[in-house]
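As structure tokens, the structure follows; a few thoughts come after it.
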Amino acid sequence: MKNGSPTPAVKSLRRTLVIYLLVGTLLPLLIVGIVSYTSIYSILSGKIGSGISASLRQEALSLENAIDNLDFASKQFALDGQIVEEMSSFLQEKQIYRKSQIMNSINQKINLVNFTNPYIGLTAYVMPGVKDPVLFTNMSMRRGFDTGKLPAFMRYNGADYFGPHGTMYAVGDNVVFSEQRIVRVSGQHELYIYLETNYSLLRKIFNEQAYGMAVNHLLVNQAGTSTYAIDGEVPDKILAAAGLRGRPAHEELEGYHLFRYESPQGWKLVAAVKKSVFNSEIYAWFYKMILLALSTLLFAGLLAWLIWRRIYGPLRKVNLEIIRMAENVTAPVAFTNVEEFDFVLSNFQQMKDQVNELIQAVARNEKQKSQFEIEKLLSQINPHFLHNTLNTVQWLARLNGQKEIDRLVTLLVKVLHYNLGKQSLIVTIGEEIEAIRNYMELQRIRYDYEFEFKVQAEDGVLDAAVPRFLLQPLVENSIYHGLSDHGRVEVIIAGQGEAEIRLCVRDNGSGMNEAQIDELLSDDSAKKRGLGIGFAYVMRMLHTYYGGQMQLQIKSGEGEGTDISITIPRKSKEDFDD
């Protein structure tokens, strides 16, 4: 404590500098990180999801094509008249030689169809219920062949499909799809054509490299009763959820993203991706952002230290010189050899002596200037001459029964009396509203009642005091800018809390652009209209009596009307220094 005054709180420039640099460096990075994270997450999630869906659809289409190839080939073997006729002949023929010739012909046709269709693998004519059920085949088959033991996949175009299952090729171990279709031959024989997909087809279709990440494929049969995991293992809940009907094409479940494709053939193909794998790109981006933030933090700290070292020495010398000048203003200044600090030192002494005098002089001059300009505006018209002349016109109109002229002149006398009279520059809002009503009634007569005028004022603000003519220039401006075929001018006055009042003048006219608003606020254009008391007068009055306590807003646009709002402190007449 010194001389009864509290010691001001001490703040370290070094600490402040470090904090500002850190905030200035990290805050933009944080904002960019948050914004980019939300955008990147959406973009990457959409990109990854779209890529998986596209790859899944491509695999499903390849599988559909393979099944269609099986279907086409089986129809050749089961419905083609020539080969079916040869099979019927073979089953009925008794002569060994003739039967051998038919066998050679059937084998040639089987080999021809397999050669022209590379998607087909094992092919065989099968007759169930006999000791050796396989009649013809292009490859050796396993013993104990029985399609009843194969997993049912679907019923499609009159044939039964099985799979995925191990191949029936005797020396093969690949997973395939198979088809069995009945062959209508003569006699009572029950004959089927059995076809399998190519031994490497499934491995080519379900290729993990197409996704660029680890993906588990789940295949659901037509009935939805069996789900086959093609590659890898997944939890039982995921297997159960894969076959459910009515599920969305993409959903998140138990730490997995499930993407579904429902084939027109009746089966479903599901791609199951772990969330950690799905979000790997997002995590990589996030780690890079953390590394960038740490690097930025380190750089900001280093930069703050370098700046502090650069300015601390000269700043200490400046502080010493200020202390010396406070004790002895005549002492010579010791310069720091830093241009900015030396400039401050060279001007400090002169500035100290002149600042207070200049502030007081400017305040006095501005106040006098505002008062002189207001008095000049109010004295532009000779009130006494106008009042006498208008009274004469008023009595002449009454003597001649001219009621409209009498009413018009009466309103004009009231307006001029209010505008040009010698009463105080401070009036109540109620008096200001009455003057505005008279003024607007004159304007309505002048414009043949082409526009409407409405005043809404709360009772609690009518006794509040305001400078005279605060609203009339705004209303006049609305007429000039807001008049139209169905024009409307509204004055709304309401309390804003207990300490403020809001005055609003609104019209529905053609509105103004930014250039017109700037012109409205200029002195030269505003004085050319009405009584010469333009919008600039309102601005001077507001600055004179309210200073920084007032707020003025202009909202307008071409074709949107204009809304001028003024917020001022609530005062009484005694609060003004008139």
Side-chain angles (χ1 to χ4, degrees), residues 62-150 153 156-205:
S62 298
L63 183 56
E64 288 176 352
N65 185 54
I67 291 174
D68 286 335
N69 285 331
L70 283 180
D71 178 67
F72 178 75
S74 67
K75 289 178 179 178
Q76 286 183 287
F77 287 116
L79 302 177
D80 181 79
Q82 185 176 3
I83 193 168
V84 172
E85 183 179 347
E86 288 183 343
M87 285 298 303
S88 298
S89 300
F90 174 80
L91 294 174
Q92 296 174 3
E93 184 62 48
K94 302 298 183 181
Q95 294 183 3
I96 301 299
Y97 175 75
R98 178 57 184 160
K99 204 165 190 174
S100 174
Q101 288 181 322
I102 296 174
M103 286 179 59
N104 290 334
S105 177
I106 293 175
N107 283 324
Q108 288 178 359
K109 289 181 171 58
I110 291 176
N111 292 331
L112 178 62
V113 172
N114 277 268
F115 177 77
T116 57
N117 195 334
Y119 293 101
I120 298 177
L122 176 65
T123 303
Y125 277 102
V126 180
M127 183 180 291
V130 298
K131 182 177 180 181
D132 188 4
V134 179
L135 301 184
F136 295 93
T137 180
N138 63 337
M139 300 178 182
S140 58
M141 296 182 67
R142 298 179 187 272
R143 293 184 177 275
F145 168 76
D146 184 3
T147 56
K149 299 178 181 179
L150 300 179
F153 184 59
Y156 178 65
N157 283 350
D160 294 313
Y161 290 82
F162 309 94
H165 63 81
T167 179
M168 292 293 104
Y169 178 41
V171 295
D173 59 355
N174 295 287
V175 177
V176 297
F177 282 89
S178 61
E179 176 195 3
Q180 178 178 275
R181 181 185 294 275
I182 191 169
V183 181
R184 306 292 183 182
V185 293
S186 302
Q188 301 298 321
H189 303 286
E190 184 181 4
L191 183 66
Y192 296 90
I193 181 67
Y194 175 82
L195 298 169
E196 287 185 354
T197 56
N198 184 284
Y199 71 95
S200 62
L201 181 64
L202 260 67
R203 187 170 62 252
K204 292 179 181 179
I205 291 178

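Throughout, numbering of the chain's residues begins at 1 and tracks the sequence.
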Once rounded to the nearest 0.5 Å, what's the spacing between atom [atom1] of [X] and atom [atom2] of [Y]?
X	Y	atom1	atom2	answer
F77	R181	CZ	CZ	12.5 Å
S74	Y161	OG	OH	5.0 Å
I67	E64	CD1	CD	7.5 Å
T116	N111	OG1	CG	10.5 Å
L191	L135	CG	CG	6.0 Å
E190	R184	CD	CZ	9.5 Å

**OP:** Kindly say whether I96 contributes a backbone atom to a donor-acceptor pair with the side chain of S100 at under 3.5 angstrom?
**Re:**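 Pair absent, no side-chain N/O of S100 close to backbone of I96.
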Is any side-chain heavy atom of [X] less than 4.5 Å from a side-chain heavy atom of [Y]?
X	Y	value
I120	T197	no
Y169	T137	no
I110	Y125	yes
L122	V176	no
Y192	D160	no
E196	H165	yes
Q180	I193	no
I83	V183	no

Work out which heavy atom in [X] is nearest to a heavy atom in [Y]; give both atom names and the distance.
X	Y	value
K131	P133	O-CD, 3.5 Å
I102	S89	CD1-CB, 3.7 Å
P164	F177	CG-CZ, 3.7 Å
F90	K99	O-CE, 3.1 Å

Subject >> side-chain contact (heavy atoms from CB on, under 4.5 Å) partner of L195, chosen from D71, N69, L70 >> reply: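 Exactly one pass, corresponding to L70.
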Original post:
More than 12 non-hydrogen atoms from neighbouring residues, nucleotides or ligands closer than 6.0 Å to CZ on F136, yes or no?
Top reply: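 Yes, the 6.0 Å shell around CZ holds more than 12 heavy atoms from other groups.
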Original post:
Should L91 and M127 be marked as a side-chain contact (heavy atoms from CB on, under 4.5 Å) after you check the CA-CA gap, both sets of side-chain angles, and the distance that decides it?
Top reply: CA-CA 11 Å; L91 294 174; M127 183 180 291; 3.3 Å; yes
